[in-house]
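Written out below as structure tokens is the structure these notes cover.
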Amino acid sequence: MHEPVDDSYVDRVRSFGFNVTRVPDAWMADKTAADIWVEPATGEIALRPALQIHLSRTEIKADGKRLATITGLPRPCDVLIEGALQTIVDGRLDLVSDMPADYEIRIDQWPYLPWSATVSAR
């Protein structure tokens, strides 16, 4: 919750078993709630980190052999490729296609900021 929040409201929310952290309005001046998270180990407010992902190429030949490699994925994580969910356990995804198309790849893995890219198979 960010200020101003009445103490009685915070107490009421906590009485329902929710863990509440107060975020000063000044800290939120140029951020939204989606930009921040509370570090569980310390209880400190922090910016959500960006994923350090590397995409080897954004275009591949649609021959079923040429691939685009995505590395640096969280272990494990769920990746959405054209609406199909795939769980990646080793931090690496190889994308190959034998059909020309544009493949939208999305990762929304808490606490990281969402990441997306498109790989075109031609």
Side-chain angles (χ1 to χ4, degrees):
M1 293 181 182
H2 63 87
E3 303 291 349
V5 177
D6 183 82
D7 286 339
S8 64
Y9 180 73
V10 173
D11 292 341
R12 183 170 164 79
V13 171
R14 286 182 175 151
S15 75
F16 289 113
F18 292 101
N19 188 6
V20 176
T21 299
R22 287 177 175 245
V23 181
D25 266 352
W27 206 89
M28 292 295 295
D30 59 346
K31 301 165 196 73
T32 69
D35 296 326
I36 64 170
W37 76 306
V38 177
E39 174 66 54
T42 64
E44 301 225 358
I45 302 163
L47 290 174
R48 291 175 63 191
L51 286 164
Q52 300 301 310
I53 293 176
H54 174 72
L55 174 59
S56 64
R57 58 179 48 103
T58 57
E59 292 186 13
I60 58 174
K61 190 169 183 175
D63 62 1
K65 297 176 188 172
R66 181 67 58 111
L67 55 86
T69 301
I70 303 172
T71 55
L73 299 171
R75 297 174 188 208
C77 75
D78 292 329
V79 178
L80 201 59
I81 303 173
E82 287 302 305
L85 194 62
Q86 185 172 352
T87 299
I88 305 299
V89 296
D90 64 357
R92 175 189 174 116
L93 171 69
D94 292 326
L95 183 66
V96 64
S97 177
D98 58 3
M99 182 171 64
D102 291 328
Y103 296 93
E104 183 183 8
I105 303 157
R106 301 184 60 76
I107 301 167
D108 195 358
Q109 182 80 22
W110 188 261
Y112 300 100
L113 291 168
W115 180 89
S116 66
T118 300
V119 173
S120 299
R122 302 282 179 246

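The structure displayed is predicted, hence computed values, not measured ones.
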Ile70 and Arg92: side chain to side chain contact (heavy atoms under 4.5 Å, CB included), yes or no, with the steps? CA-CA 6 Å; Ile70 303 172; Arg92 175 189 174 116; over 6 Å; no
Got a sec: does the [atom1] of [X] have more than 12 other heavy atoms crowding it under 6.0 Å?
{"X": "Tyr112", "atom1": "OH", "result": "no"}
{"X": "Glu59", "atom1": "CD", "result": "no"}
{"X": "Lys31", "atom1": "NZ", "result": "yes"}
{"X": "Asn19", "atom1": "CG", "result": "no"}
{"X": "Arg48", "atom1": "CZ", "result": "yes"}

Show me, pair by pair, the donor-acceptor contacts under 3.5 angstrom made by side chains of residues 115-122, not counting sequence neighbours?
| residue | atom | partner | partner atom | Å |
| --- | --- | --- | --- | --- |
| Ser120 | OG | Asp102 | OD1 | 2.6 |
| Arg122 | NH2 | Asp102 | OD1 | 2.6 |
| Arg122 | NH2 | Asp102 | OD2 | 3.3 |

Smallest separation among heavy atoms of [X] and [Y], with atom names:
{"X": "Trp37", "Y": "Glu39", "result": "CZ2-OE1, 3.3 Å"}
{"X": "Gly72", "Y": "Ile53", "result": "O-CG1, 4.0 Å"}
{"X": "Arg57", "Y": "Arg66", "result": "NH1-CD, 3.8 Å"}

Check your understanding: Should Leu67 and Ile60 be marked as a side chain to side chain contact (heavy atoms under 4.5 Å, CB included) after you check the CA-CA gap, both sets of side-chain angles, and the distance that decides it?
Key -> CA-CA 6 Å; Leu67 55 86; Ile60 58 174; 5.6 Å; no
Within this structure, what is the [atom1]-[atom2] distance for the pair [X] and [Y], rounded to the nearest 0.5 Å?
{"X": "Leu73", "Y": "Leu93", "atom1": "CG", "atom2": "CG", "result": "6.5 Å"}
{"X": "Thr71", "Y": "Ile88", "atom1": "OG1", "atom2": "CD1", "result": "12.0 Å"}
{"X": "Leu47", "Y": "Asp35", "atom1": "CG", "atom2": "CG", "result": "7.0 Å"}

For residues 75-86, dump all side-chain donor-acceptor pairs below 3.5 Å to protein atoms at least two apart in sequence or in another chain.
| residue | atom | partner | partner atom | Å |
| --- | --- | --- | --- | --- |
| Arg75 | NE | Asp90 | O | 3.4 |
| Arg75 | NH2 | Asp90 | O | 3.3 |
| Asp78 | OD1 | Thr87 | OG1 | 2.8 |
| Glu82 | OE2 | Glu104 | N | 2.6 |

| message | If hydrophobic clusters are built by linking Ile, Leu, Val, Met, Phe, Trp and Tyr wherever their side-chain heavy atoms come under 4.5 Å apart, do Met99 and Ile105 end up in the same one? | response | yes
Is there a path of hydrophobic side-chain contacts, each under 4.5 Å between heavy atoms of I, L, V, M, F, W or Y residues, that connects Leu113 with Trp110?
no
Between Arg106 and Asp108 (salt bridge meaning N to carboxylate O under 4.0 Å), is one present in this structure?
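No salt bridge links Arg106 with Asp108.
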Review point. Is a donor on one side and an acceptor on the other found under 3.5 Å between the side chain of Asp11 and the backbone of Arg14?
Key: no
